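Accompanying notes for the structure given below.
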Amino acid sequence: MTRSAGRSAALVAAGILVSRLVGFVRERVFAHYFGNSAAADAVRAALKIPNLIRNLLGEGTLSASFIPVYARLLESDDPKAARALAGAVASILIFASAAAALLGIALAPAITAVVAPGFDPETRRLTVTLVRIIFPGSGLLILAAWCLGILNTHRRFFLPYAAPAIWNIAQIAVLIAVGARVAGGDLAVWLAWGVLAGSLLQLAIQLPQALRLAGGFVFLPSFRVAGVPDVLTAWTPVVIGAGVAQISSLVDTQLARLLPTGAVASLGYAQLLTNLPIALFGVSVAAASLPELSRDAAGAQAHEALRARLAEGFRRIVYFVLPCAVGFAVIGRPIVRLLFETGRFGAEDTSLVAGVLAAYSVGLVGWATVKLFASGFYALRDTRTPVVTAASSVVLSVVLSYLLMQRMGPAGIGLGAGIAALYNTSAQLVRLQRRIGRVLGPSDWRAAGGVAIASVVSVAAGFGAALVTAPAGMVATAVASWTVFGAAYLAATRLLGHPDAASLLRVLARRPTP
């Protein structure tokens, strides 16, 4: 029986949450053993290019091009063709990954010169060694993205999004096992092998189930297999779009470098917080929707089915993400203070990061929903339109950020990026509606309006709780303000009759079976 879209999105969110929590533990363990040493700089630099390759060619881009074609073949009741496509894509990826690994090993000195031009000779030599060890892991993670595409299409969502946790666990295990005996560059080398082992384990934990669902694996590295040209044709603009996103992040950082010390770091701290609701609710809904949207696009009455599924996804994302945006804008300071205010991070730093967080919150719904609308285009096998709108939004972001930062500092960069994110998702929605008809009707906008009203009323209660508990300290203030805010929001949206409020209450009221 087909899982509901809400359950599928919840499984994706649960997997993402698990991997993010383990990632946070990894960062704490890394800081314990490396601090801000030269070896730490070498590890960070060595991970840059492999991470870039994974972001450009990994799960986000491969799934966007592979899942619609693979789902269409499955929907047409042609399992042999679907199996052949899966095998051909995997075979091509094996060759491409092997070639990339060899190239990365050979060009490690040049890669190091690009990512770490200011390192002293000893740190540069260490970084070259680390790059040569870590780089092949990028290919393994791209193959893991193939597994994600297979698993998601067959409605297996938790495993592929929780699997990155094992990448972090492998590194934690290495650091704990040898960190007491070795340090500095030697420990960095051990960690690099842990990174590579984690990449292999992330692939290995998904591969058996993916192969079973795909009907086995036939090694056939051919571009002539039915569907392969469609996947590769669609993949190119998606990769370009991912590159645009990387450029946007880089531009924000470069603009922040024009501002006083602390601007770059403040953007990073704020992004850590804003990325969490985007990943938990935006990415989860979009990832769970893509296989179903692809099936809808291949079936009868495709446009009607697409409109209904996109509207449901939009309603769910707005329900969870809009209150987060309002909360970050109004009562973000207690959270920033609780998480970061310690040691050399003082009250002035808290104010700076809270201001940037409030500015970023303007675009939170945009960043979360744009992935859903992009999935609508991917299901229609149009991967170019999201790239065009993303590119234009980057230009808008640069212009607005540069102008606003003159008066607002780093918060201006966040505000410019947020406005551009709203433009991006709006432009995609308009173009999508030209293709398939009106996606969001009056009822959808009324639901969004109800969420906005409930968020404003509830955050006022949360702000009051923050004022009352302020003398009790930062922990009490953060917990009280966000607990009151969340409870009030849930009660308000339930009174307004929002369907996702009723669903959430049913989940919260469910008792585990003895």
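Owing to the predicted nature of the structure, the values given are computational and were not obtained by experimental measurement. One is the number of the first residue; the rest follow in order along the sequence.
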Checklist entry - Would Tyr70 and Ile150 satisfy side chain to side chain contact (heavy atoms under 4.5 Å, CB included), going step by step from the backbone distance to the final call? => result CA-CA 8 Å; Tyr70 182 62; Ile150 297 291; 3.7 Å; yes
Item to check | CD (Gln406) with more than 12 external heavy atoms under 6.0 Å | outcome: yes
Checklist outcome for this item: Rounded to the nearest 0.5 Å, the CG atom of Leu21 sits from the CG atom of Leu17 at a distance of 4.5 Å
Checklist entry - Can any side-chain N or O of Trp235 pair as donor or acceptor with the backbone N or O of Phe66 at less than 3.5 Å? => result no
Checklist outcome for this item: Smallest heavy-atom separation, Leu357 atom then Gly332 atom, equals CD2-CA, 4.1 Å
Item to check | Under 3.5 Å donor-acceptor, Thr425 side chain and Leu422 backbone | outcome: no
Checklist entry - Quick one: are Leu196 and Ile134 in side-chain contact, heavy atoms under 4.5 Å? => result no
Item to check | No-hydrogen, no-angle side-chain donor-acceptor test under 3.5 Å, Thr112 and Thr127 | outcome: no
Item to check | Nearest heavy-atom neighbours spanning Gly363 and Ala421 | outcome: O-CB, 3.8 Å
Item to check | Gap between atom CG of Leu338 and atom OG1 of Thr350 - 0.5 Å precision | outcome: 10.0 Å
Checklist entry - Are any non-hydrogen side-chain atoms of Pro109 and Arg132 less than 4.5 angstrom apart? => result yes
Item to check | Identified side-chain hydrogen bond (donor to acceptor under 3.5 Å, both in side chains) partner of Tyr423 from the options Ser393, Ser397, Ser392 | outcome: Ser392
Checklist entry - Do Gln202 and Leu140 come within less than 4.5 Å of each other through their side chains, counting heavy atoms only? => result no
Item to check | Pairwise side-chain contact, Ile317 with Val365, heavy-atom cut-off 4.5 Å (strictly under) | outcome: no
Item to check | Under 3.5 Å donor-acceptor, Ser375 side chain and Lys371 backbone | outcome: yes
Checklist entry - At what distance, to the nearest 0.5 angstrom, does CD1 of Ile16 lie from CZ of Phe158? => result 11.0 Å
Item to check | Minimum heavy-atom distance between Ile92 and Ser222, given as atom pair plus value | outcome: CD1-O, 3.8 Å
Next on the checklist: When you compare the side chain of Val12 with that of Asn152, does any pair of heavy atoms fall below 4.5 Å?
Outcome noted: no
Next on the checklist: Could you check whether any side-chain N or O of Arg26 sits under 3.5 Å from a backbone N or O of Asn168, counting only pairs where one atom can act as donor and the other as acceptor?
Outcome noted: no
Item to check | Listed partners of Arg20 passing side-chain hydrogen bond (donor to acceptor under 3.5 Å, both in side chains), at least two apart | outcome: none
Checklist entry - For Gly346, does its backbone N or O pair with a side-chain atom of Asp349 as donor and acceptor, under 3.5 Å? => result yes
Checklist outcome for this item: Between Ala46 and Leu130, the two heavy atoms sitting closest are CB-CB, 3.6 Å
Checklist entry - Where the side chain of Thr389 meets the backbone of Pro386, is there a donor-acceptor pair that is under 3.5 Å apart? => result yes
Item to check | Residue pair Arg333 / Ser351, side-chain heavy-atom distance below 4.5 Å | outcome: yes
Item to check | Residues Ile172, Val22; criterion side chain to side chain contact (heavy atoms under 4.5 Å, CB included); working and verdict | outcome: CA-CA 9 Å; Ile172 294 169; Val22 178; 4.2 Å; yes
Checklist entry - Any donor and acceptor pair, going by atom type alone, linking the side chain of Arg156 with main-chain N or O of His154 inside 3.5 Å? => result yes
Checklist entry - Between Val321 and Ile278, does a side chain to side chain contact (heavy atoms under 4.5 Å, CB included) hold up when you go through it step by step? => result CA-CA 7 Å; Val321 174; Ile278 293 171; 5.7 Å; no
Item to check | Ring geometry between Phe219 and Phe95 (parallel below 30°, tilted from 30 to 60°, perpendicular above 60°) | outcome: tilted
Next on the checklist: Quick one, Val189 with Leu126, criterion side chain to side chain contact (heavy atoms under 4.5 Å, CB included). Give me CA distance, side-chain angles, the key distance, then yes/no.
Outcome noted: CA-CA 8 Å; Val189 171; Leu126 174 60; 4.1 Å; yes
Item to check | pair Phe30-Leu191: side-chain heavy atoms closer than 4.5 Å | outcome: yes
Next on the checklist: Between Tyr161 and Ser284, is there a side-chain donor-acceptor contact under 3.5 Å, judged purely by atom types and distance?
Outcome noted: no
Item to check | Polar side-chain atom of Arg83 near backbone of Ala214 as donor-acceptor pair, under 3.5 Å | outcome: no
Checklist entry - Can you check whether Ala177's main-chain N or O pairs, donor with acceptor, with Arg181's side chain at less than 3.5 Å? => result yes
Checklist entry - Leu201 versus Trp167: any side-chain heavy-atom pair under 4.5 Å? => result no
Checklist entry - For the side chain of Trp146 and the backbone of Ala86, is there at least one donor-acceptor N/O pair under 3.5 Å apart? => result yes
Next on the checklist: Measuring from atom CG of Leu364 to atom OG1 of Thr274, what distance do you get when rounded to the nearest 0.5 angstrom?
Outcome noted: 6.5 Å
Checklist entry - Can you tell me how far CG of Leu255 sits from CG of Leu404, rounded to the nearest 0.5 angstrom? => result 11.0 Å
Next on the checklist: Could you measure the distance from the CD1 atom of Ile166 to the OG atom of Ser19? Nearest 0.5 Å is fine.
Outcome noted: 12.5 Å
Checklist outcome for this item: Contacts of Thr233 meeting side-chain hydrogen bond (donor to acceptor under 3.5 Å, both in side chains) (sequence neighbours excluded), chain-then-number -> none
